[in-house]
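In listed order, ligands and their atoms are each counted from 1.
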Amino acid sequence: MTIGVFMAEKQVRVGLAGFGTIGCGVAKLILEEAESIAAKTGLRLELGCVVDTDTESARPVKLPKSILTNDINRLLNDDTIQIGVELIGGTDAAKDVQLKMLDAGKDVVTANKALLAEHGNELYEAAHRNGRCIAFEGSCGGGIPIISAIRTGLVANNITAMYGIVNGTCNYILSEMTSKGEGFSEALAQAQNKGYAEADPTLDINGGDSAHKLAILASIAFGYEITLEDIFVEGIESVSKADIRYGGEMGYILKLLAIGQKDKEGKVSLCVYPSFIAKDNPLARVNGPFNAISIFGSAVGQVMYYGRGAGMMPTASAVVADIIDAALGNSVTTFRHLHLKPRSETELLIEKIGNCVSRFYIKVLAKNQPGVVAKYSKVLGDHDISISGALQHEGAGPNNTVPVVIITHSVQQKNMTAALVELAELDVLSGRPVCIRIVDIPEDKD
Ligand code: HSE
C-alpha cells in the first residue's frame, strides 16, 4: 500500500562555506544520500558551490568538478542557491558571511556555537529583518536533535532545569582518565586524533565550548536572551587522576556538566564546571565522545537525550536535517516564533554564582600530626560548612603529609570561596585545597 500524494521533486541548491571536518561530512551526506533524501522528503539536495580558502588539501570526499572555490561571492551572488551553510567556524569571518547570506535572501544553516553564543542576538535580528531564518541544530550536541526537541517536542513545558554533557572532547578525556587511569595530555591527544576537539582545544578543556552550547540551549529552553557573561565557567584543565579516584571511592563519577536551572521566580543560574555526580545517575554512564542532556519539564518530567556529540558525520546529520527543514519552509516558521525575553529583563534574572548552593568535594594535603583535623574542620565550621563524609587512607606520603577528602553538605558558593582562602593559609596544610562541586541531579521517580 502506498500512502501519500505524489509530488514532483523540488530541487534545493545549497552553498557550503567551510570545507573542514564538518563541511566534508555535510558534502558527503548530500552527495551520497541525495537519492534517499529525495525519496523521503521530495527534496533533491544539490551542492551549488563549496567555498574554502584552502582549495588544495586532500579531503575525505570527492566533489563534482569545479564546485570548490575560494570565492565567497560565487555563493552569495548565486540566486539559485537558497540555503547558505556556514561551517567556517570562529567568529569574525563567519559572522560577516552569515550576515551577507541573510542579506542575499538565503536561509542560513550553521553549527557555529561560538558565533551564536557571542553574536546570536544580532544575527537573529538580521534574519528577522530579512524574513529569513538561522537554523542551528548542529551547534549543540552533535547529532542529537536537542534544539528541535526543546523548540517543538517540549514546547508545552515550563523547562526548569537542564544538565548536559555537551563537550565530547572533555567527556572522552574524563572517561579515559576514569576507566583506564590515563593521563590528561595522553587522553587529549587521542581526542584530537579522533577529530572531536576544536581546532584550538583550549576551548574544549577550559569549558568555553560547553558554555557556548549552554548559552544557546538555555536561551531557547528558558526563553531569555542569554550572553556568555551570564555563565560561570570552570574547565577540566586541573583535574587529576587522584581526584577522580577518590571521588570514585566516595561513590561519584566526574563529568564536565553544563547546568541551567530556573527557580519559581524565574531566576536562572547557568554554570559549566567539573561535577561529581552519583554513580547510578544515567549521566554517569555517558562515556567517550558521547553527549547527553537531561531536561526537566513541568509536564513531561525528566527526559534525556543521548548520542554522538562530536565528529564529522554526527554533526553533519544535524546540519543536513536543518537544510531539509529550511528547504521545507519549516525553519522559517519556527524561527519567526523564537521569542526571547530582552536583555534588559534577562539581566535582572541571572543568579550570581556566589549565591548558588551546592555540595562540595574538598581535598587537602594535611600534615600527619595531632590537632590537624580540628584546625581545618574549624575553618569549615566558621563558614557554616557542615561535613557529611571524609576519607583518609592510612600511611603518609612525602613530607609526612596525607591527602584528606571531605564531602560537605549543601552550602552557598560564597561561604566555600571564603573557606578555601583560609584553608590555603593554614600551616598544617600543604598547597591549595582542591575543590570540586557535587551535583545532585534530581531523580524523576514514581
Ligand atoms: N569540540 C566539540 C566537542 C565538538 O568536543 O564536543 C562538537 O561541538
Side-chain angles (χ1 to χ4, degrees), residues 18 20-26 29 85-91 94 109-118 120 135-148 162-177 184-220 228 231 233-237 239 254-259 272-275 283 286-293 305-322:
T21 307
I22 311 303
C24 285
V26 171
L29 210 43
V85 183
E86 183 277 299
L87 296 170
I88 300 168
T91 50
V109 171
T110 184
N112 192 333
K113 56 253 158 154
L115 179 59
L116 293 182
E118 285 179 31
F136 44 90
E137 185 63 75
S139 63
C140 301
I144 308 171
I146 184 67
I147 307 273
S148 133
M162 58 169 74
Y163 300 84
I165 294 172
V166 290
N167 185 271
T169 302
C170 287
N171 204 46
Y172 182 87
I173 293 172
L174 294 177
S175 302
E176 292 292 294
M177 289 174 81
F184 181 90
S185 318
E186 223 174 323
L188 169 60
Q190 285 172 20
Q192 285 178 287
N193 284 342
K194 287 173 184 271
Y196 307 141
E198 298 301 299
D200 174 5
T202 317
L203 270 182
D204 290 300
I205 61 177
N206 71 8
D209 177 77
S210 295
H212 290 150
K213 293 166 181 166
L214 180 61
I216 296 167
L217 293 175
S219 287
I220 56 168
L228 282 176
I231 304 176
V233 186
E234 268 178 22
I236 63 164
E237 311 93 317
V239 160
L254 192 68
K255 296 288 175 194
L256 182 72
L257 285 192
I259 306 170
V272 171
Y273 43 58
S275 311
L283 284 176
V286 175
N287 288 316
F290 283 85
N291 281 194
I293 302 115
Y305 301 86
Y306 169 86
R308 290 190 181 272
M312 178 165 87
M313 295 319 290
T315 311
S317 157
V319 171
V320 175
D322 267 347

At what distance is the nearest protein heavy atom to [atom], and which residue and atom is it?
| atom | result |
| --- | --- |
| atom 8 (O) of ligand 1 | Lys113 NZ, 2.5 Å |
| atom 6 (O) of ligand 1 | Gly168 N, 2.7 Å |
| atom 2 (C) of ligand 1 | Glu198 OE2, 3.1 Å |

Min N/O separation Asn291 to ligand 1 under 3.5 Å
no

Distance-only N or O hit between ligand 1 and Ser139, under 3.5 Å:
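No - when backbone and side-chain N and O of Ser139 are compared with those of ligand 1, no distance drops under 3.5 Å.
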
Where's the contact between Thr169 and ligand 1, heavy-atom distance under 4.0 Å: side chain, backbone, both or neither?
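Thr169 to ligand 1: contacts from backbone and side chain alike.
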
So if I count the atoms of ligand 1 from 1 in the order they appear, which ones are less than 4.0 Å from some heavy atom of [X]?
| X | result |
| --- | --- |
| Asp204 | 1 (N), 2 (C), 3 (C), 5 (O) |
| Tyr196 | 1 (N), 2 (C), 3 (C), 4 (C), 5 (O) |
| Lys213 | 2 (C), 3 (C), 6 (O), 7 (C), 8 (O) |
| Asn167 | 2 (C), 3 (C), 5 (O), 6 (O) |

Among Leu174, Ile236, Val239, which one satisfies side chain to side chain contact (heavy atoms under 4.5 Å, CB included) with Phe184?
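Exactly one candidate clears the test, Ile236.
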
Closest non-hydrogen atom pair, Ser175 against Gly288:
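The pair with the smallest heavy-atom distance is OG-N, 3.0 Å.
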
Derivation of the side chain to side chain contact (heavy atoms under 4.5 Å, CB included) call for Val233 and Asn206:
CA-CA 8 Å; Val233 186; Asn206 71 8; 5.7 Å; no

Examine distances only and state if a side-chain atom of Lys255 and a backbone atom of Val286 form a donor-acceptor pair shorter than 3.5 Å.
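Confirmed, Lys255 side chain pairs with Val286 backbone.
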
I'd like to know whether Asn291 forms a side chain to side chain contact (heavy atoms under 4.5 Å, CB included) with Tyr305, so could you lay out the CA-CA distance, the side-chain angles of the two residues, the decisive distance to 0.1 Å, and finally the verdict.
CA-CA 8 Å; Asn291 281 194; Tyr305 301 86; over 6 Å; no

Going by heavy atoms, is Gly142 under 4.0 Å from ligand 1?
no

When you look at Ile147 and Ile216, which way does the side chain to side chain contact (heavy atoms under 4.5 Å, CB included) test go after all the steps?
CA-CA 9 Å; Ile147 307 273; Ile216 296 167; 4.0 Å; yes

When rounded to the nearest 0.5 angstrom, what distance separates SG in Cys24 from CE in Met313?
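It is 10.0 Å, given to the nearest 0.5 Å.
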
Evaluate side chain to side chain contact (heavy atoms under 4.5 Å, CB included) for Glu137 paired with Val109, printing each intermediate quantity in order.
CA-CA 8 Å; Glu137 185 63 75; Val109 171; over 6 Å; no

